[in-house]
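Chain A is the first sequence line, chain B the second, and so forth, proteins listed ahead of strands; every chain is numbered from 1.
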Amino acid sequence: MLRLKLALLNVLRNGRRSFITLLAIQFGVISLILMGGFFTSMYEGMRENVIRSQLGHIQIYQAGFNQFGSQQPEDYLIDAETLHKVTKLVESLEQVELVTPRLNFTGLLTDGNRSLAVVVEGINPDKESLLSSAVKLTAGEDLFEEDTDGALIGDGLFKSLNLSIGASLTLMATTADGSFDARDVTAIGAISTGTREVDNRFMRMNLQHAQALMYTEGVTRLVVLLNDTKQTDEVMALLSQAFKKQGLALELRSWSDLADYYHEVVNLFDGIFFVVQIIVLAIVLLGIVNTMVMAVMERTQEIGTIRAIGGTRSEVMGLFISEAFILGLIGSLLGVIFAILLAQGITAAGIMMPTPPGSSQTYPIRIFTEADLLWQNGLFGLLIAVVSSIYPAVKASRMVITKALRFA
Amino acid sequence: MTVVKLQGVSRYFPVGNTPITALDKVDLTLEKGEFVVLRGASGSGKSTLLNLIGAMDDPNEGEVFIHGMALSSLSDKQKSQLRSHYIGFIFQSFNLIPVLTALENVQYPLSLQRVANKEGKYRAAQALEQVGLADFIHRRPNQLSGGQMQRVAIARALVTKPDIILADEPTANLDSETSKQIMDLLGSLNRNTGVTFLFATHHDFVLSRASRILELKDGHIVKDEPVQHLNLVNQIALGEEVG
Ligand SMILES: Nc1ncnc2c1ncn2[C@@H]1O[C@H](COP(=O)(O)OP(=O)(O)OP(=O)(O)O)[C@@H](O)[C@H]1O
Ligand SMILES: [Mg+2]
C-alpha cells in the first residue's frame, strides 16, 4: 500500500520528466495504432474491392476445373441442370446475399481495323450489378438483360481501341465443340474493376449472348456473395458438406484462395509494420531508459537509505519497475485515447490517397481502430515502459550501499 | 546480552598502490542497553566501523556477529532483513524520503517488513509521539526544521524495535541547542526502550549521555572506558562546554 503509494508519488515528483516519458510512450502507441489502423483499412478496402469487383466470397466450379480447366475450359463447365440445383441450394442459406453464374472464355475483339485478345465474362446483369458493386462504370450505360448484344468494355481496353459509346465490334471465340464462331457486340459502356491489369483486357456481356456464342448452356462458375466476409469459412464448410451429400461433383474456392495479390500486399505491409514496430520500440525504449537512468542517479542517496533501513535489492527494483508500470499504464491509456480521436479526425477529414500501384482508383484515408489493435498496442506501450525500466532498476538495486549513502 | 561482536575485524581500502587501513584487527563487544559514543578524529575509521556493524560493508579480515549471526554467512537478502529487524540507522543528513509525510517516512520500514497498513500507521504515529512530533505527522520533510527532521529519522529508526541504533554524526548538521535536545531525546529513549546506541561524533557534549566511550585512532580502538555515574555538576559543566 505505502510502497505502491511511494511509487506513485515518485512518478508525480518530477513532473517534467514523467511528462516526457509519457509523451514517448504515447508517441509509440499512437503511431503504431494509426499505422496499424490505416493498414487494416487498406487491407479491408483491397479485400472488399477484389471481392466485389471480381471474386465474390466463394466460387463454385465443376470438379477438376482448377487443375485442368485452363487447358480445356469447355470440358469443365457446370451444366444447366446442376446450375439450377446448386443455385437453389446456395440461395437457401441465410448467410448468402446472392449467387450468380459466370461464363468465362477468351476471345478476339475487333473493331474492323485492330484485334485484341480479351477475357470475356458472360454475366447475369441484374445480379452481377449487385455483386460487382465495386466495378465502376466510367463511360456509357450499364448492361441490362434486354441489351442482347450489349457489352461493357474494360476502360483500358476501351481506350486502347479508341472506342466510343455505341461502337460496333465483332467478338470471335472457339466454341464448346471446338469450332470457331463470331458475334456482333455493341460497346454500351466502359468499366473499371480497380485493377489496371484486368481493365486492359476485360469485357462483360449478357450470359445468354455469351452462351450462344459458345454453343453451350453451361457456365464456368457460380459466384456467391455473402452478407459478411467473416462468414466465408463457415459457408465454405456448409456448401462442401451439402455438395458431398447430394453427390454433386463440384469444387469450391474462397476469395482468399483466389486473391494472391491481396496476400502478397498484406505480407509486404505486415513486414513493413513489423519493421516500424521495431523502430518505434527502439526510439521509445531509449527515451525511457535515458530518463529512468537519470531518475536513478538523482535518487542515489535515497536508494542507499532504503537499502540501509532494510529494503532488499528486489524492493528497490520493484520500486522503479512499479514507477515505470504506472507511467506505462497512464501513457498507454492516453495513447489509445488520442489514437482513437486522431483516427476519427483523419478519417472524417477524407484526405485522398494517391493512386496505389496497379490500381486505377483512389480512395480516402481511413483508419480503423478495432479493439484488437487498440489493446495490443496499448499493452505493447505498457510493456515497453516496463522493459525499459529493467536496466535502470537493476542498476539501482546493485548500488553499493555505503557509496550510495555518501552520494550527495 | 551481547548485541554486537567484532573479532579481529580489518578493513582496507585500495587507494593507488598502497591500501589504506581504515580498521586494523578490531575486537569489540556491545551489550544490550549500552549508550556507546565513538570518538576519533576525521579519518580515524568511525564510519567504516558503523558500516560494518550495520551489515552494509564487509570486512577484509575477521568476523562481525549481530545477534549471534556471523554476517559473512548471510546473503545480501538476509543482510537486508537483518538490517530491517535488528538495526536502526540515523544519518547525518537525516535521509528522509522527500515525497512522504513524517508519518509515512516512519511507517516505511514497517511496510518493508510487510506490516499491515493500519498497524503500521498506528505504530508510526506512536513512534512520532515518542519523539515529540505528534502534531507534525502529516508534514513533509521540507515543511520541518532540521531538528524535527532528525526526530522523524529517530522515530523511523525506533519504530521497528531494533536491538541497536547506529548513528553517524547525527548532530553534525544541527545547531548546538537542537543537538542537545536530540541528545536528550536519544538518552531518554535509551533508558526507556533499552535499545543499544552506537553513536559516532566528535562533539564532546555528547559524552555526558554516554555509558561507554570508545576512541578510534588510525583504525585502532585506543580507548574503551565505561562512564561512571557522573554527578550533576559534571553534567552541567560538560553541557556548557559546548554552549
Ligand atoms: N570507500 C572508500 N574508499 C577509499 N577510502 C576510504 C573509503 N571509505 C573510507 N576510506 C578511508 O578510510 C579511512 C577511515 O574513514 P572513515 O570514513 O571511516 O573515517 P571517519 O572516522 O568516519 O571520518 P569522519 O569523521 O571524517 O567522518 C579514511 O582514511 C578514509 O579516507
Ligand atoms: Mg565518518
Using a 6.0 Å cut-off, check whether atom [atom1] of [X] has over 12 heavy atoms from anything other than its own residue.
X        : atom1 : result
B/Gln126 : CD    : yes
A/Tyr43  : OH    : yes
A/Asp270 : CG    : yes
B/Phe13  : CZ    : yes
B/Lys217 : NZ    : no
B/Lys79  : NZ    : yes
A/Tyr391 : OH    : no

How close do A/Arg3 and B/Ser111 get, heavy atom to heavy atom, and via which atoms?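 Looking at all heavy atoms of both residues, the closest pair is CD-O, 3.3 Å.
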Quick one: what part of [X] sits under 4.5 Å from any heavy atom of chain A, side chain, backbone, both or neither?
X        : answer
B/Asn117 : side chain
B/Ser93  : side chain
B/Tyr108 : both

Could you walk me through whether A/Leu9 and B/Leu100 pass the side-chain contact (heavy atoms from CB on, under 4.5 Å) test, one step at a time? CA-CA 8 Å; A/Leu9 290 172; B/Leu100 298 182; 3.6 Å; yes
Apply side-chain contact (heavy atoms from CB on, under 4.5 Å) to the pair A/Val400 and B/Met56, showing each step before the final yes or no. CA-CA 8 Å; A/Val400 176; B/Met56 299 196 296; over 6 Å; no
Pairwise side-chain contact, B/Arg83 with A/Ile401, heavy-atom cut-off 4.5 Å (strictly under):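 SC-SC contact between B/Arg83 and A/Ile401 confirmed.
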Just jot down the ring pair (Phe, Tyr, Trp, His ring centres under 6.0 Å) partners of A/Phe320, sequence neighbours excluded, or say none.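 Not a single residue meets the ring pair (Phe, Tyr, Trp, His ring centres under 6.0 Å) criterion with A/Phe320.
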Nearest 0.5 Å, please: how far is CD1 in B/Ile97 from CD in A/Glu302?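 Rounded to the nearest 0.5 Å, the CD-CD1 separation comes out at 5.0 Å.
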So how far is it from A/Met1 CE to B/Arg114 CZ, rounded to the nearest 0.5 Å?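 Answer rounded to 0.5 Å: 14.5 Å.
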Looking at B/His85, B/Gln107, B/Gln92, which one has more heavy-atom pairs under 4.5 Å with chain A than the rest?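 Heavy-atom pairs under 4.5 Å are most numerous for B/Gln107.
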For chain A, which candidate among B/Pro109, B/Ala55, B/Pro98 shows the most heavy-atom pairs at distances under 4.5 Å?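 So the answer, after comparing B/Pro109, B/Ala55, B/Pro98, is B/Pro98.
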Residues in residues 306-315 of chain A that sit under 4.5 Å from chain B, counting heavy atoms only: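 Only A/Ile306, A/Arg307, A/Ala308, A/Ile309, A/Gly310, A/Gly311, A/Thr312, A/Arg313, A/Glu315 of residues 306-315 of chain A have a heavy atom under 4.5 Å from chain B.
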